[in-house]
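The structure presented is a predicted model; accordingly, all values stated were derived computationally and were not measured. Chain letters run A, B, ... following the sequence lines, proteins first and then strands; every chain starts at 1.
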2 protein chains.
Amino acid sequence: MKHKYSVSSKDVAREAGVSQATVSYILNNARNVKIKPETRQAVLDAIKKLNYYPNQIARGMKLRKSMSVGVVTDRSVTNFYFMKVLEGMKDGFQEDNYSITLLFDKHEKIEDAEFIKYYNSNRIDGVIFVFASISDDEIEHMNSTGLPYVVVDTHPSGRNVHEICTDHLAHIQDVIGYFKSRDIKNIAYAGPMPKCRNDRRLEAFINAMVYHGFEPKDNLIIRSTADDKELPEAFKKLFENKNFKPGAIIAGSPKFGMLTVKSCLAFGMKIPGDVSIVAVGSSNIFDLVYPPLSSIDLPLYDMGLKAAQVLLNLIKGGDKGGGNGSGKAGEETMTILLPSELTLRESS
Amino acid sequence: MKHKYSVSSKDVAREAGVSQATVSYILNNARNVKIKPETRQAVLDAIKKLNYYPNQIARGMKLRKSMSVGVVTDRSVTNFYFMKVLEGMKDGFQEDNYSITLLFDKHEKIEDAEFIKYYNSNRIDGVIFVFASISDDEIEHMNSTGLPYVVVDTHPSGRNVHEICTDHLAHIQDVIGYFKSRDIKNIAYAGPMPKCRNDRRLEAFINAMVYHGFEPKDNLIIRSTADDKELPEAFKKLFENKNFKPGAIIAGSPKFGMLTVKSCLAFGMKIPGDVSIVAVGSSNIFDLVYPPLSSIDLPLYDMGLKAAQVLLNLIKGGDKGGGNGSGKAGEETMTILLPSELTLRESS
DNA sequence: GTGAAAGCGCTAACAC
DNA sequence: GTGTTAGCGCTTTCAC
């Protein structure tokens with residue numbers, strides 16, 4: 001069956017004995033337009049009676065807006081984080097009645113990217129990148145298209161984009177201080193190879209070690225793929241070095257947190273008896289493992305919420321000509337840093 | 001800045017020296033319409049030259065379609081499964097150029113549900129429910145609206161809906177057979193309280209036990225919330241019963257799989273030495289824990305893909321009047337059962 | 001083979 | 001305060 005025979009604002013207008021314009025005014029709370037209470041009531045009644053819902057497609061057509069934003073994510077990184085960020089975004093868009101269109105990121109050339117096509121086709125009004133690594137080239141291209149976009153990521157990239165990030169790296173220092181206060185020696189780091197650019201996590205670790213008067217030793221640092229071969233080998237080396245048995249390990253990501261726990265248990269170590277572990281990042285499974293894994297938790301929900309708000313401003317602002325004289329969107333970009341927090345569970 | 005000044009099919013037509021209609025014919029590969037090769041080429045060139053992209057909103061307006069489907073999921077259940085299913089769906093929709101609108105399910109009355117509103121507003125043409133528990137009432141309501149929808153869930157509900165499910169419960173029998181072949185005694189079950197209706201997993205477990213000549217004992221069955229109080233208590237009772245020390249445990253969900261491993265380790269048991277564990281369901285984290293957790297894996301990607309295909313058929317079919325004389329969509333519903341498979345890792 | 005024209009349902013400038 | 005009207009960009013019937 002076709003879509004049930006749509007009632008249009010025309011039908012409502014007829015039913016209420018007014019014009020379509022009036023219906024529109026009422027629906028959109030048009031300012032500069034005063035409606036007599038009884039007229040309004042009549043229209044509202046008609047809407048109810050006819051079970052009328054404004055056709056968003058038609059509205060979008062007129063407004064030259066899709067009332068939808070694309071959320072771009074990488075197929076791999078996402079699982080741990082994605083849903084929570086989405087929830088925040090959803091709530092952030094709720095009021096403005098924007099919908100969320102899911103997009104995956106797997107393009108060769110930027111011109112072929114799904115989000116570019118969707119934007120060109122008027123299917124989305126803007127984009128949020130959630131933990132999707134984007135290159136400088138892509139940024140440049142996007143800035144030239146006028147596509148409003150916001151990046152959600154762990155740490156600020158320092159690039160000319162609107163970013164929602166978190167200060168979680170600062171907590172690495174707290175963690176090391178905490179270990180120090182418990183007189184733990186040989187604090188190690190285990191994390192992934194950075195996707196691009198420099199490894200901020202490792203940097204933060206090293207700086208924090210130095211800050212606390214420790215000398216960061218190379219053989220206490222693991223950087224590896226999550227590979228089934230490479231990583232166990234690395235842990236083996238770490239644990240077999242009798243001179244520097246690690247008393248604590250900071251894992252650079254949730255995944256590495258899990259893998260670190262796994263490796264320690266596999267080597268018969270007691271956690272936290274022999275070694276304490278803290279992971280950088282959030283996950284809903286840290287409570288499901290033995291022992292529950294301490295972590296530096298990202299404010300995922302808030303990041304999504306904030307991203308939505310910032311993007312909405314870009315979309316609206318851009319539409320009205322924006323605050324800054326020129327037509328260029330994102331003239332002055334902003335980096336928003338949301339607070340993360342340390343959650344100590346049993347592993348530390 | 002406003003959306004960069006859109007080129008429309010009108011512009012393309014002018015540039016190519018043809019009419020808008022011709023552009024449309026070419027773009028949509030309209031059958032019943034033959035286009036001279038040189039005309040076609042001229043239009044194609046103009047499209048390229050002007051960098052034209054058809055406005056999907058306008059197209060949707062004309063076609064009375066949104067070219068988007070809603071994906072509804074429950075905020076909680078999702079994390080373990082959702083992304084993989086989405087990937088499949090995305091690929092399933094690719095060809096028909098349908099986009100995916102993310103919707104959350106948290107309504108009081110069905111009339112207030114987001115997916116109903118979105119459908120009424122012409123923002124989506126159909127819905128896929130992914131592991132979202134829906135009640136009989138809701139089903140009834142939806143069937144009466146004509147909204148095309150498909151349900152993705154683990155096991156068939158036996159209701160009058162299009163469902164994509166899997167045969168994973170059948171594998172419980174295999175798992176028990178496997179345990180039996182290794183002469184393991186006292187096979188236990190630990191799973192969640194069923195959200196609604198009867199507990200198919202437990203049923204399957206009991207039937208499989210009986211099939212293999214075991215007598216399912218009540219004190220070898222845990223059904224609990226994932227609560228921090230209730231569940232440990234239950235496991236304590238399980239492990240302290242000296243007469244029926246479980247040699248293996250089948251966990252009813254990924255979460256319970258994780259929690260079972262955690263509990264066993266917490267009680268100092270060796271896995272799989274003292275107890276073997278297999279979880280029902282998929283997760284990308286089973287490889288990240290110690291010991292890697294065996295599981296009955298759902299064909300998540302395929303479920304998403306298939307769901308997309310079925311829904312597309314409903315949308316298209318329904319639009320053209322469908323195969324069955326009446327206007328009612330979903331006259332004959334179908335249940336599609338996709339094969340799951342047992343993945344043995346180290347925990348069993 | 002191709003074009004002219006109507007119209008999808010909405011909004012907003014302008015008229016009264 | 002409310003109505004008239006002109007499109008937004010597309011598809012498609014019908015005419016040639």
Side-chain angles (χ1 to χ4, degrees), chain A residues 2-43 46-47 50-67 97 120-123 125 319-320, chain B residues 2-43 46-47 50-67 97 120-123 125 319-320:
Chain A
K2 212 190 175 64
H3 206 289
K4 59 181 175 333
Y5 271 110
S6 309
V7 233
S8 73
S9 66
K10 199 179 210 161
D11 300 321
V12 174
R14 188 175 19 237
E15 173 76 22
V18 299
S19 78
Q20 252 191 93
T22 306
V23 177
S24 176
Y25 295 144
I26 291 171
L27 247 46
N28 299 306
N29 277 316
R31 44 174 143 261
N32 309 331
V33 177
K34 303 229 167 302
I35 303 283
K36 237 193 299 187
E38 52 261 43
T39 312
R40 178 186 304 273
Q41 197 51 53
V43 170
I47 286 175
L50 299 181
N51 198 27
Y52 165 72
Y53 290 86
N55 183 327
Q56 291 290 343
I57 297 261
R59 185 160 194 273
M61 160 120 225
K62 181 74 202 177
L63 265 32
R64 323 196 77 222
K65 287 236 189 97
S66 66
M67 301 306 286
N97 204 22
N120 284 333
S121 311
N122 282 273
R123 300 183 84 163
D125 298 335
D319 220 44
K320 290 181 179 172
Chain B
K2 215 190 171 69
H3 206 289
K4 61 183 173 339
Y5 270 111
S6 309
V7 235
S8 73
S9 67
K10 200 181 211 160
D11 301 319
V12 173
R14 187 173 22 234
E15 172 75 23
V18 299
S19 77
Q20 252 192 97
T22 306
V23 177
S24 176
Y25 294 145
I26 291 172
L27 248 46
N28 298 306
N29 280 315
R31 42 174 147 262
N32 308 331
V33 177
K34 301 233 167 299
I35 304 283
K36 237 192 300 186
E38 53 261 44
T39 313
R40 177 184 305 272
Q41 196 53 51
V43 170
I47 287 176
L50 299 181
N51 197 26
Y52 165 72
Y53 290 86
N55 183 327
Q56 291 289 343
I57 297 262
R59 185 160 196 273
M61 160 120 225
K62 184 73 203 177
L63 265 35
R64 323 196 78 223
K65 288 235 188 97
S66 65
M67 301 305 286
N97 204 23
N120 284 334
S121 311
N122 282 271
R123 301 183 83 163
D125 299 336
D319 219 43
K320 291 181 178 169

Margin query: Measure CE/A/Met67 against P/C/dT11 and give the value in whole Å, please.
Written below: 10 Å

Notebook entry, point to check: Has A/Asn28 got a side-chain N or O lying under 4.0 Å from the OP1 or OP2 atom of C/dT11?
Noted result: yes

Notebook entry, point to check: Among D/dG9, C/dC10, D/dG1, which is the nearest nucleotide to the side chain of A/Lys62?
Noted result: C/dC10

Checklist line | Spacing between B/Asn55 atom CG and D/dT11 atom C1', to the nearest angstrom | finding: 13 Å

Check: Counting only side-chain N and O atoms of A/Thr22, is one of them less than 4.0 Å from OP1 or OP2 of D/dG3?
Finding: yes

Notebook entry, point to check: If you pin B/Ala58 and B/Lys34 to their nearest nucleotides in DNA chain C, which one's is more 5'?
Noted result: B/Lys34

Next item on the list: Figure out the OH/C1' separation between B/Tyr53 and D/dC10, and round it to whole Å.
Entry: 18 Å

Next item on the list: Quick one: pull up CD1 in B/Ile47 and OG in B/Ser9 and give me the separation to the nearest 0.5 Å.
Entry: 9.0 Å

Check: Taking atom P of C/dG3 as reference, at what distance in whole Å does atom CZ of B/Arg14 sit?
Finding: 14 Å

Margin query: Just to be sure I understand the rule, does B/Ser8 reach a base, reach only the sugar-phosphate, or reach nothing, if contact means heavy atoms closer than 4.0 Å?
Written below: sugar-phosphate

Next item on the list: Output yes when a side-chain donor or acceptor of A/Ser121 lies under 3.5 Å from a complementary backbone atom of A/Arg123, and no otherwise.
Entry: no

Next item on the list: Measure from CZ on A/Arg64 to P on D/dG7 and round the result to the nearest Å.
Entry: 14 Å

Note to self: Using only atom types and a distance under 3.5 Å, with no angle test, would you say the side chain of B/Asp125 pairs donor to acceptor with the backbone of B/Met67?
What the structure shows: yes

Notebook entry, point to check: Does A/Tyr52 have a side-chain nitrogen or oxygen under 4.0 Å from the phosphate oxygens OP1 or OP2 of C/dC10?
Noted result: yes

Notebook entry, point to check: Do the side-chain N or O atoms of A/Ser9 get closer than 4.0 angstrom to the phosphate oxygens (OP1, OP2) of C/dC10?
Noted result: yes

Notebook entry, point to check: What integer distance in Å separates A/Lys10:NZ from D/dG3:P?
Noted result: 15 Å

Check: So what does A/Val18 hit on the nucleic acid, given a heavy-atom distance under 4.0 Å: a base, only sugar-phosphate, or nothing?
Finding: sugar-phosphate

Note to self: Looking at A/Arg59, I'd like to know whether one of its side-chain N or O atoms comes within less than 4.0 Å of OP1 or OP2 on C/dT11.
What the structure shows: yes

Item checked: Separation of C/dG9 P from B/Asn122 CG (nearest whole Å) -> 9 Å

Checklist line | B/Gln20 side-chain proximity, nearest of D/dT4, D/dT11, D/dA6 | finding: D/dT11

Next item on the list: Rounded to the nearest 0.5 Å, what's the gap from CD1 on A/Ile57 to NZ on B/Lys62? Could you check?
Entry: 14.0 Å

Note to self: Please tell me if B/Arg40 has a side-chain N or O lying less than 4.0 Å from either OP1 or OP2 of C/dG1.
What the structure shows: no

Notebook entry, point to check: In terms of side-chain heavy atoms of A/Ser19, which of D/dT4, C/dG9, C/dT11 is nearest?
Noted result: D/dT4

Note to self: Please report the distance, rounded to the nearest Å, between CZ in A/Arg31 and P in C/dA13.
What the structure shows: 12 Å

Next item on the list: Among the candidates C/dG9, D/dC10, D/dT11, find the nucleotide nearest to the side-chain atoms of B/Ser24.
Entry: D/dT11

Item checked: Closest to the A/Tyr25 side chain, choosing from C/dA13, C/dT11, D/dC10 -> C/dA13

Notebook entry, point to check: Would B/Arg59 and B/Asn97 count as having a side-chain donor-acceptor pair, cut-off 3.5 Å?
Noted result: no

Checklist line | Contact under 4.0 Å: B/Thr39 side-chain N or O vs C/dG1 OP1/OP2 | finding: no

Check: Is there a side chain to side chain contact (heavy atoms under 4.5 Å, CB included) between B/Tyr25 and B/Val18 once you walk through the steps?
Finding: CA-CA 11 Å; B/Tyr25 294 145; B/Val18 299; over 6 Å; no

